[in-house]
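Quick note: numbers below take in every heavy atom, side chains included, and nothing from hydrogens, waters or symmetry partners. Throughout, residue positions are numbered sequentially from 1 according to the sequence presented.
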Amino acid sequence: MKIAVTGKGGVGKTTFAATLARLYADEGKKVLAADVDPDANLGLALGFDEETLDSIVPISKMRKLVEERTGANSQNQFYTLNPKVDDIPDTYGKVCNGVKLLVLGTVETGGGGCVCPEHVMLKRIISNLVVHRDDVVIMDMEAGLEHLGRGTTESMDEFIVVIEPGARSVQTYKNVKRLAKDLGITQVKVVANKVRNEEDEEFIRNKIPAEDLLGMIHYNVEVMDADRQGKSPYDFSEIVTAEIRKIKEKIDNENSL
């Protein structure tokens with residue numbers, strides 16, 4: 001199972017991605033959670049302590065490693081587009097609560113596409129995670145649609161767009177679905193988060209096709225409490241964890257068909 005979790009900033013995609021990863025780990029599965037967000041906080045949501053997270057350097061910032069693997073440096077502007085990366089998750093990943101975290105970071109492109117060595121490394125690592133590893137891989141993507149434009153996630157089994165009950169979030173889902181289709185990804189699903197009441201539920205059901213809606217997570221102050229304390233929401237809210245468990249069961253059922 002290879003899942004990319006995306007959505008606008010602040011909608012709760014990291015809470016969902018981390019809890020989903022921990023639920024798979026609870027089943028004894030090998031789980032790799034990849035943080036591809038420049039505002040990397042997936043580790044806290046998984047339950048890592050701050051000291052461990054402070055020691056992690058995103059792969060995109062490891063200049064020496066990038067130079068070694070791609071052959072690029074200040075004297076050499078020619079570099080391999082197929083660097084060795086299969087050892088990177090096990091070498092640089094950190095484990096907590098049964099989930100291996102790999103912080104990839106991102107590459108600031110300043111606009112259009114990027115063919116810099118750092119981007120080549122990230123794209124190659126993501127491809128390796130998706131195609132060659134038998135782990136459950138859950139990627140917490142950067143907010144917005146930049147990763148789709150760069151084409152780093154063509155081989156994912158499923159895109160899950162986390163939205164809020166609002167027109168802008170719904171528009172993000174439509175944009176992701178359109179761009180994903182261009183990459184040959186047909187499985188674009190929706191999780192509605194921060195749902196407050198029946199009016200919000202009705203809004204979601206009216207805007208999202210039933211076959212695309214995996215489920216809803218209701219607004220819960222326990223998740224906010226977990227965030228304030230830098231803890232995993234999985235350990236703070238049995239209600240939210242149960243809601244995400246139901247969503248996971250639907251993901252598993254759909255992908256076993």
Side-chain angles (χ1 to χ4, degrees), residues 1 3-24 26-27 37 39 41-42 44-46 138-145 148 156-181 185-257:
M1 183 74 71
I3 297 171
V5 181
T6 187
K8 293 176 69 67
V11 296
K13 61 190 177 61
T14 297
T15 292
F16 173 74
T19 305
L20 187 64
R22 290 195 58 179
L23 287 170
Y24 277 113
D26 280 352
E27 295 180 346
D37 194 323
D39 184 23
N41 50 34
L42 180 60
L44 282 176
L46 287 168
I138 296 173
M139 294 190 185
D140 185 13
M141 309 303 294
E142 59 192 300
L145 305 172
L148 286 175
M156 302 302 293
D157 291 318
E158 192 161 281
F159 266 71
I160 296 178
V161 188
V162 179
I163 69 170
E164 295 175 324
R168 285 175 292 180
S169 267
V170 171
Q171 190 63 41
T172 297
Y173 147 73
K174 291 179 178 178
N175 288 337
V176 170
K177 188 164 185 175
R178 174 176 52 81
L179 291 171
K181 186 177 180 181
I185 299 167
T186 58
Q187 294 295 317
V188 178
K189 303 292 185 176
V190 172
V191 168
N193 190 30
K194 302 180 183 179
V195 176
R196 299 165 299 176
N197 48 38
E198 290 183 6
E199 187 177 345
D200 281 353
E201 292 181 10
E202 184 178 0
F203 174 86
I204 294 297
R205 291 194 179 98
N206 285 337
K207 296 295 184 180
I208 305 298
E211 64 271 18
D212 287 354
L213 183 60
L214 288 171
M216 302 187 197
I217 305 168
H218 290 82
Y219 181 85
N220 193 309
V221 295
E222 292 173 332
V223 174
M224 297 174 63
D225 291 341
D227 187 32
R228 272 196 296 267
Q229 297 184 42
K231 303 295 184 182
S232 174
Y234 178 97
D235 298 319
F236 262 64
S237 179
E238 292 183 7
I239 295 173
V240 167
T241 300
E243 289 179 328
I244 296 176
R245 184 180 287 108
K246 285 183 65 176
I247 292 168
K248 173 190 169 297
E249 289 169 359
K250 190 168 184 180
I251 295 169
D252 292 342
N253 288 337
E254 289 182 351
N255 284 277
S256 65
L257 296 177

4.5 Å side-chain heavy-atom contact, Met224 and Tyr219: yes

field: Short side-chain to backbone donor-acceptor contact, Glu164 and Ser169, under 3.5 Å
entry: no

message: For the CD atom on Gln229, are there more than 12 heavy atoms of other groups (residues, nucleotides or ligands in this structure) within a distance under 6.0 Å?
response: yes

- request: Taking the side chain as every heavy atom from C-beta outward, state whether Ile251 and Glu158 have any atom pair closer than 4.5 Å.
  value: yes

- request: Using modelled atom types only, decide if a donor and an acceptor are shared between the side chain of Asp212 and the backbone of Ile208 within a distance under 3.5 Å.
  value: no

- request: Mark yes when over 12 heavy atoms from residues, nucleotides or ligands other than Lys248 sit less than 6.0 Å from its NZ; otherwise mark no.
  value: yes

message: I'd like to check Asn193 versus Val11 (side-chain heavy atoms, cut-off strictly below 4.5 Å). Are they in contact?
response: no

query: Are any non-hydrogen side-chain atoms of Arg205 and Met216 less than 4.5 angstrom apart?
result: yes

field: Asp26 bridged to Arg22 by N-O distance under 4.0 Å
entry: no

query: Are the side chain of Lys13 and the backbone of Met141 linked by a donor-acceptor contact shorter than 3.5 Å?
result: yes

query: More than 12 heavy atoms of other residues, nucleotides or ligands under 6.0 Å from CD of Glu198: is that the case?
result: no

task: Using a strict 4.0 Å threshold on nitrogen-to-oxygen distance, state whether Asp200 and Arg196 make a salt bridge.
output: yes

message: Using 0.5 Å steps for rounding, measure from the CD1 atom of Ile247 to the NZ atom of Lys189.
response: 12.5 Å

field: Lys207 NZ: over 12 foreign heavy atoms closer than 6.0 Å
entry: no

- request: Grab the two heavy atoms, one from Ala167 and one from Phe203, that are nearest each other, plus how far apart they are.
  value: N-CZ, 3.9 Å

query: Hey, is CD on Glu27 packed in by over 12 heavy atoms from elsewhere, all under 6.0 Å?
result: yes

field: Leu23 side chain near Thr241 side chain, heavy-atom distance below 4.5 Å
entry: yes

Heavy-atom pair with the smallest gap, counting every atom of Val161 and Gly7: CG1-CA, 4.3 Å

Polar side-chain atom of Lys177 near backbone of Gln187 as donor-acceptor pair, under 3.5 Å: no

- prompt: Does any non-hydrogen side-chain atom of Val223 lie less than 4.5 Å from one of Asp227?
  reply: no

query: For the atom pair CG (Leu42) and CG (Asp140), what is the distance rounded to the nearest 0.5 Å?
result: 5.0 Å

task: Please report the closest heavy-atom contact between Thr15 and Ile244, naming both atoms and the distance.
output: O-CD1, 4.4 Å

task: Indicate yes or no for a side-chain donor-acceptor contact from Lys231 to the backbone of Asp225 under 3.5 Å, with no hydrogens or angles considered.
output: no

message: If you compare all heavy atoms of Val191 against all heavy atoms of Ile217, which two are closest, and at what distance to 0.1 Å?
response: CG1-CD1, 3.6 Å

- prompt: When rounded to the nearest 0.5 angstrom, what distance separates CD1 in Ile138 from OH in Tyr24?
  reply: 6.5 Å

message: Which heavy atom of Pro209 sits nearest to which heavy atom of Tyr173, and what is that distance?
response: CD-OH, 3.3 Å

- request: Please tell me if the side chains of Ile163 and Thr172 come closer than 4.5 Å, counting only heavy atoms from C-beta onward.
  value: no

message: When you compare the side chain of His218 with that of Glu201, does any pair of heavy atoms fall below 4.5 Å?
response: yes

Spacing of Asn253 atom CG and Lys250 atom NZ [to the nearest 0.5 Å]: 9.5 Å

field: Between CG on residue Asn220 and CZ on residue Phe236, distance to nearest 0.5 Å
entry: 11.5 Å

query: Of the non-hydrogen atoms in Ala45 and Pro233, which two are nearest, and what is the gap between them?
result: O-CD, 3.5 Å

